[in-house]
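Report on the structure given below.
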Number of protein chains: 2
Amino acid sequence: MPRPGNKRYHHGDLRAALIETAAELIAERGLRGFSLAEASRRLGVAVSAPYAHFEDRDDLLAAVAVRAFELIHAALVPPMDEFSEPADRLAAMARAYVRFAAGNRPMFEVLYVSGLDKSRHPEIEAAERPLNEAFEGCVRALADGDDDLAVEMAVAFEATARGHAMLMLDGEAAPDRSAVDVAAERAARATRALVESRSLLAIPSSRGVQK
Amino acid sequence: MPRPGNKRYHHGDLRAALIETAAELIAERGLRGFSLAEASRRLGVAVSAPYAHFEDRDDLLAAVAVRAFELIHAALVPPMDEFSEPADRLAAMARAYVRFAAGNRPMFEVLYVSGLDKSRHPEIEAAERPLNEAFEGCVRALADGDDDLAVEMAVAFEATARGHAMLMLDGEAAPDRSAVDVAAERAARATRALVESRSLLAIPSSRGVQK
DNA sequence: GTCTATATCCCGATAGAC
DNA sequence: GTCTATCGGGATATAGAC
């Protein structure tokens with residue numbers, strides 16, 4: 001009953017509280033240190049309570065992933081918008097992407113290292129879309145109307161940012177400021193190099209590898 | 001006693017058998033489906049037996065990672081050696097790297113997605129070294145004696161291969177042959193683009209960012 | 001030095017009462 | 001929607017047989 005004296009706060013939105021708490025737990029202890037049981041304990045609810053809101057552990061992780069994409073979007077777009085030239089905008093995004101990975105490692109890992117089956121969680125792809133769109137704007141401006149080339153460039157830029165981020169993260173457990181700076185600049189420079197030689201990214205053979 | 005009639009094979013090398021079985025299990029069920037208990041069950045030994053040979057689950061995973069680096073080395077060097085031009089060699093490595101990730105996903109994940117703390121398992125870094133050396137040979141040939149540039153190039157190439165591999169892997173659960181071909185060619189082309197614009201990878205400011 | 005047997009604790013998940 | 005109770009499984013530690 002809703003009598004006063006209950007130890008922890010019950011409220012109308014356990015679902016939201018669980019996402020919040022999961023994010024905190026992952027930030028504190030990493031992905032491996034997170035469990036439904038521990039999150040329940042923090043909120044003062046029974047271990048079975050989360051199952052009223054999430055199918056299983058992965059379903060909660062997927063909700064955290066959706067939030068992670070919102071955070072990453074919020075971290076990338078402002079730096080990008082400081083520039084008007086497409087190449088500058090892409091370089092700024094690459095830099096911001098690497099910085100985000102360094103500063104929000106647990107969230108980054110939820111997205112890419114958690115073993116989530118994204119095909120079973122379409123919400124995640126939906127949450128990724130705004131980011132991709134901001135990003136494809138820059139790419140199209142550099143592709144001179146060649147849509148196939150635009151696709152190739154988009155893949156190459158994303159792979160570059162992600163590759164540099166992961167390389168940095170497994171280089172050292174806790175990258176210090178200068179290591180992050182170096183990695184971010186490397187990603188930005190590689191991005192500019194790809195812009196410069198973008199014609200080499202085009203598919204040489206037949207047309208229409210895919211739509 | 002070594003009397004006949006024992007159910008499963010006991011032998012003198014439980015350690016090697018565990019590494020073998022762990023690799024099989026991970027290949028069959030993925031990283032998340034692997035446990036020390038299950039590996040023990042397969043070998044017909046007690047769940048506590050592995051602890052005579054490995055400190056814990058991660059310690060066994062680290063041994064598997066060492067083997068994974070041996071496999072990756074064996075998969076990358078022959079394709080590379082089909083060419084003599086450094087740019088061709090690097091492109092061949094990028095292609096082979098992506099193909100390895102597609103064809104040996106579980107091994108690839110043990111290396112980069114298992115959450116292993118590599119600083120606690122120096123054997124892994126040692127196992128990685130031969131690969132890096134083969135690879136740095138190509139890079140130096142393209143750096144015109146500029147050692148700082150060589151470092152930057154090495155990082156950029158590795159990030160490119162890794163980024164394309166990861167992008168492919170989380171694009172689809174089981175990439176079909178043509179998806180793998182496309183990803184491998186993309187990695188090879190991005191590599192050539194970076195070779196072409198490699199001067200942009202150099203650090204513009206002061207000398208000696210690191211040794 | 002290698003393995004068995006056992007015991008504890010934590011986690012994920014389900015069933016049924018309120 | 002939440003709780004209590006419970007099940008099965010895995011990680012880990014220890015004691016002792018060979």
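Chain naming here is simple, since letters A, B, ... match the order of the sequence lines and numbering starts at 1 in each. All heavy atoms count here, side chains included; hydrogens, waters and symmetry mates do not.
- Within the 4.0 Å cut-off from OP1 or OP2 of C:dC3, at least one side-chain nitrogen or oxygen of B:His53 is found.
- Closest approach of A:Val66 and A:Ala127 over heavy atoms only: CG1-CB, 3.9 Å.
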Side chains of residues 71-83 of chain A: which donor-acceptor partners sit under 3.5 Å, not counting sequence neighbours?
residue: A:Asp81; atom: OD1; partner: A:Arg89; partner atom: NH1; Å: 3.3
residue: A:Asp81; atom: OD1; partner: A:Arg89; partner atom: NH2; Å: 3.4

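- Following rounding to the nearest Å, A:Asp59 (CG) and C:dA13 (P) show an atom-to-atom distance of 10 Å.
- Here C:dT2 presents its C1' atom at 14 Å from CZ of B:Phe54, a figure rounded to the nearest Å.
- Nearest nucleotide to the B:Leu14 side chain, out of D:dT4, D:dT2, C:dC3: C:dC3.
- The nearest whole Å value for the distance from the CD atom in A:Glu55 to the P atom in C:dG12 is 16 Å.
- By the side-chain contact (heavy atoms from CB on, under 4.5 Å) test, B:Ala91 is found to be paired with B:Arg95, B:Ala188, B:Arg192, residues two or more places apart in sequence or in another chain being considered.
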Practice task
Would you mind building the protein contact string for nucleotides 5-11 of chain D? One character per nucleotide, 5' to 3', B for base within reach (heavy atoms under 4.0 Å), S for sugar-phosphate only, - for untouched.
Solution key: -----SS

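- A ring-ring contact (aromatic ring centres under 6.0 Å, His included) check over residues 12-57 of chain B, counting only residues at least two apart or in different chains, returns nothing.
- Between the CZ atom of B:Arg15 and the P atom of C:dG1 there is a distance of 15 Å, given to the nearest Å.
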Please output the side-chain donor-acceptor pairs of residues 154-176 of chain A that fall under 3.5 Å, not counting sequence neighbours, one pair per line with the distance.
residue: A:Glu158; atom: OE2; partner: A:Arg162; partner atom: NH1; Å: 3.3
residue: A:Thr160; atom: OG1; partner: A:Ala156; partner atom: O; Å: 2.8
residue: A:Arg162; atom: NH2; partner: B:Asp170; partner atom: OD1; Å: 3.4
residue: A:Arg162; atom: NH2; partner: B:Asp170; partner atom: OD2; Å: 2.3
residue: A:His164; atom: ND1; partner: A:Thr160; partner atom: O; Å: 2.9
residue: A:Asp170; atom: OD1; partner: B:Arg162; partner atom: NH2; Å: 3.4
residue: A:Asp170; atom: OD2; partner: B:Arg162; partner atom: NH2; Å: 2.3
residue: A:Asp176; atom: OD1; partner: A:Ser178; partner atom: N; Å: 3.4
residue: A:Asp176; atom: OD1; partner: A:Ser178; partner atom: OG; Å: 3.4
residue: A:Asp176; atom: OD1; partner: A:Ala179; partner atom: N; Å: 2.9

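- Remark: C1' of D:dG1 and CG of A:Asp13 are 13 Å apart, rounded to the nearest angstrom.
- A:Ala49 comes within contact range of the sugar-phosphate backbone alone, with a heavy-atom separation under 4.0 Å but no base atom that close.
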Show me the side-chain donor-acceptor pairs of residues 109-117 of chain A shorter than 3.5 Å, one per line, residues at least two apart or across chains.
residue: A:Glu109; atom: OE2; partner: A:Arg105; partner atom: NE; Å: 3.1
residue: A:Tyr112; atom: OH; partner: A:Tyr97; partner atom: OH; Å: 3.3
residue: A:Ser114; atom: OG; partner: A:Val110; partner atom: O; Å: 2.7
residue: A:Ser114; atom: OG; partner: A:Leu116; partner atom: N; Å: 3.4
residue: A:Asp117; atom: OD1; partner: A:Ser119; partner atom: N; Å: 3.2
residue: A:Asp117; atom: OD1; partner: A:Ser119; partner atom: OG; Å: 2.6

